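The structure under discussion appears below in the form of structure tokens.
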Amino acid sequence: MNYLVAQTKGKDGKIVKLISDEVIFNLPEDLDNPKTFNSDYKLEDDEWFHIPNFSSEEYCIDFLIREFISTDYDQIGRDDYKNLLYLCSFQEDIYYFQKITPSLIINKKWFKISGDPVLEDQSPIIVINENPDAIYLKSNDTLYFKKISSLTSIFKGIIELYKEATQQETEDFLKSDFIKLEEEYGASKVKTANRKRIALAMETLKEFTPIEKRTIYSYIKDYCENLPFEEEESKFKIRNEEELKHLLWGIEQRYYTTPVGKEKMVANSVSKVEL
């Protein structure tokens, strides 16, 4: 039987069931010639990166290691919808993952083009992409994916596969129109961890529209109240490694608010979530 489940955000995140007996994704026919991940390599349309022996990697999640038993998971609650991290469709021992981003949650008026049209305006829609962000085949213990930037919130620590930004890339990023360097902080002072985050953030920003970028900047301002922001110039003031780290975490949307207590938290990319 097929099941669509989801992981909720937070330290106490849980797996919840959405629907069953539905085919959400189809297995691509071009997984037969996978490439070893290299952040400098640009995939062709019919190519995928792969990580063999995935269950032995530190960033593999327990959810994939243990047997899938549907009764282990509760049905999704109404409040869970606003707190989803990713979807996973379990289909015949194959796991299909899709990261949930703000752009995939649509809050607009809509109606179905079938039967008698009924206008909806109180039911947000979660868009399911044509292709998943990642596919895990339990039969050969291999993870397949196109873009590693889509996986960092699903598999904590997988960012370690990502290359560091070069000196030139680091300098270019710090010259972005939303950044203002202060107190003699510059590219020469950026250490390895932030260079990896910069390389990832550059890929993430490429996928955003101008409107989505503005949304992200507002999101960062809301969560990083101690990160100086120059209103007149619309720039974040960066004076040290810590402030740069928080800015980069914001670009990757790692901040969230707990549903109980409304505490603002950050999901550290190197902290493994035990399910």
Side-chain angles (χ1 to χ4, degrees), residues 1-10 12-34 45-57 59-106 110-115 120 123-156 158 272-275:
M1 183 177 286
N2 301 332
Y3 292 94
L4 179 66
V5 299
Q7 167 75 58
T8 60
K9 297 177 183 177
D12 299 322
K14 59 185 177 180
I15 299 288
V16 292
K17 290 185 294 188
L18 281 76
I19 58 177
S20 59
D21 295 331
E22 296 287 348
V23 174
I24 306 300
F25 297 104
N26 294 313
L27 186 66
E29 298 179 353
D30 51 10
L31 297 180
D32 54 349
N33 186 30
D45 290 343
D46 60 350
E47 292 180 333
W48 293 72
F49 289 124
H50 81 313
I51 302 176
N53 303 314
F54 188 68
S55 62
S56 64
E57 299 291 349
Y59 37 76
C60 180
I61 54 180
D62 289 350
F63 172 62
L64 295 181
I65 297 174
R66 62 175 181 255
E67 181 182 359
F68 184 94
I69 301 175
S70 64
T71 53
D72 287 346
Y73 311 114
D74 294 329
Q75 189 67 28
I76 190 170
R78 186 176 184 84
D79 291 339
D80 291 327
Y81 284 102
K82 59 186 178 183
N83 202 34
L84 298 183
L85 185 63
Y86 63 80
L87 301 175
C88 179
S89 182
F90 176 76
Q91 302 170 197
E92 299 180 359
D93 237 17
I94 301 174
Y95 299 74
Y96 300 86
F97 290 90
Q98 176 178 306
K99 175 183 177 180
I100 296 295
T101 62
S103 62
L104 295 177
I105 302 176
I106 301 176
W110 60 278
F111 60 86
K112 289 188 285 188
I113 307 177
S114 63
E120 293 276 2
S123 301
I125 299 172
I126 297 177
V127 177
I128 296 178
N129 295 327
E130 182 177 354
N131 296 309
D133 292 318
I135 302 169
Y136 175 68
L137 269 61
K138 205 173 185 69
S139 59
N140 64 1
D141 192 16
T142 300
L143 183 78
Y144 301 87
F145 61 97
K146 294 280 190 179
K147 293 186 293 187
I148 199 169
S149 59
S150 299
L151 307 186
T152 55
S153 61
I154 301 175
F155 304 106
K156 307 298 182 182
I158 202 169
K272 188 172 182 180
V273 176
E274 300 294 339
L275 304 177

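The first residue in the sequence is number 1, and the count goes up from there. Reckoned from all heavy atoms, side chains included, excluding hydrogens, waters and symmetry mates. This structure is a prediction, so every number in the text was calculated from the model and none was measured.
Closest heavy-atom contact between Ser150 and Ile154: O-CD1, 3.9 Å. Taking both residues in full, the closest heavy atoms of Lys138 and Arg66 are given as NZ-O, 4.0 Å, listed atom of the first, atom of the second, then distance.
Between Ile126 and Leu84, the closest side-chain pair of non-hydrogen atoms falls below 4.5 Å. Within the 4.5 Å cutoff, the side chain of Ile51 has heavy atoms near those of the Glu57 side chain. Between Tyr59 and Leu151 the shortest side-chain heavy-atom distance does not fall below 4.5 Å. The shortest distance between side-chain heavy atoms of Ser20 and Asn2 does not fall below 4.5 Å. Using a 4.5 Å heavy-atom cutoff, the side chains of Leu64 and Phe155 are in contact. Between Asp45 and Asp30 the shortest side-chain heavy-atom distance does not fall below 4.5 Å.
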Checking Val5 against Leu87 for the side-chain contact (heavy atoms from CB on, under 4.5 Å) test, could you report, in this order, the C-alpha distance in whole Å, the side-chain angles of both residues, the deciding distance, and whether it holds?
CA-CA 6 Å; Val5 299; Leu87 301 175; over 6 Å; no

Take Asp133 and Phe145 through the side-chain contact (heavy atoms from CB on, under 4.5 Å) test and state the conclusion after the steps.
CA-CA 6 Å; Asp133 292 318; Phe145 61 97; over 6 Å; no

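By the neighbour-count criterion of 12 heavy atoms within 6.0 Å, atom CG of Asn26 is sparsely surrounded, having that number or fewer from other residues, nucleotides or ligands. More than 12 heavy atoms of other shown residues, nucleotides or ligands fall within 6.0 angstrom of atom CD in Gln75.
Here the straight-line distance linking atom OH of Tyr73 with atom CD1 of Ile69 works out to 8.0 Å at 0.5 Å rounding. One finds the CG atom of Asn53 at 12.0 Å from the CG atom of Leu143 (value rounded to the nearest 0.5 Å). Annotation: the span from Asp46 atom CG to Asn33 atom CG amounts to 8.0 Å, rounded to 0.5 Å. Taken to the nearest 0.5 Å, the CZ atom of Phe49 stands 12.0 Å off from the NZ atom of Lys147. The CZ atom of Phe54 lies 7.5 Å from the CD1 atom of Ile61; values are rounded to the nearest 0.5 Å.
For the pair Lys9 (side chain) and Tyr86 (backbone), a donor-acceptor distance under 3.5 Å is absent.
Here Asp141 pairs with Ser55, Tyr136 under the side chain to side chain donor-acceptor pair (under 3.5 Å) rule; sequence neighbours left out. Residues meeting the side chain to side chain donor-acceptor pair (under 3.5 Å) test with Tyr3, sequence neighbours left out: Ser70. Evaluation of the side-chain contact (heavy atoms from CB on, under 4.5 Å) rule for Asn140 yields Leu137, Thr142, Tyr144 as partners, not counting sequence neighbours. Residues passing the side-chain contact (heavy atoms from CB on, under 4.5 Å) test with Asp80 are Thr8, Lys14, Val16, Ile76, sequence neighbours excluded.
For the salt bridge (Lys or Arg N to Asp or Glu O under 4.0 Å) condition, no pair includes a residue of residues 17-26, sequence neighbours left out.
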Side-chain donor-acceptor pairs under 3.5 Å in residues 88-99, sequence neighbours left out?
unit_1	atom_1	unit_2	atom_2	d
Ser89	OG	Gln91	OE1	2.6
Gln91	OE1	Ile24	N	3.0
Gln91	OE1	Phe25	N	3.1
Gln91	NE2	Phe25	O	2.8
Tyr96	OH	Leu27	N	3.4
Gln98	OE1	Asn129	N	2.8
Gln98	NE2	Val127	O	2.9

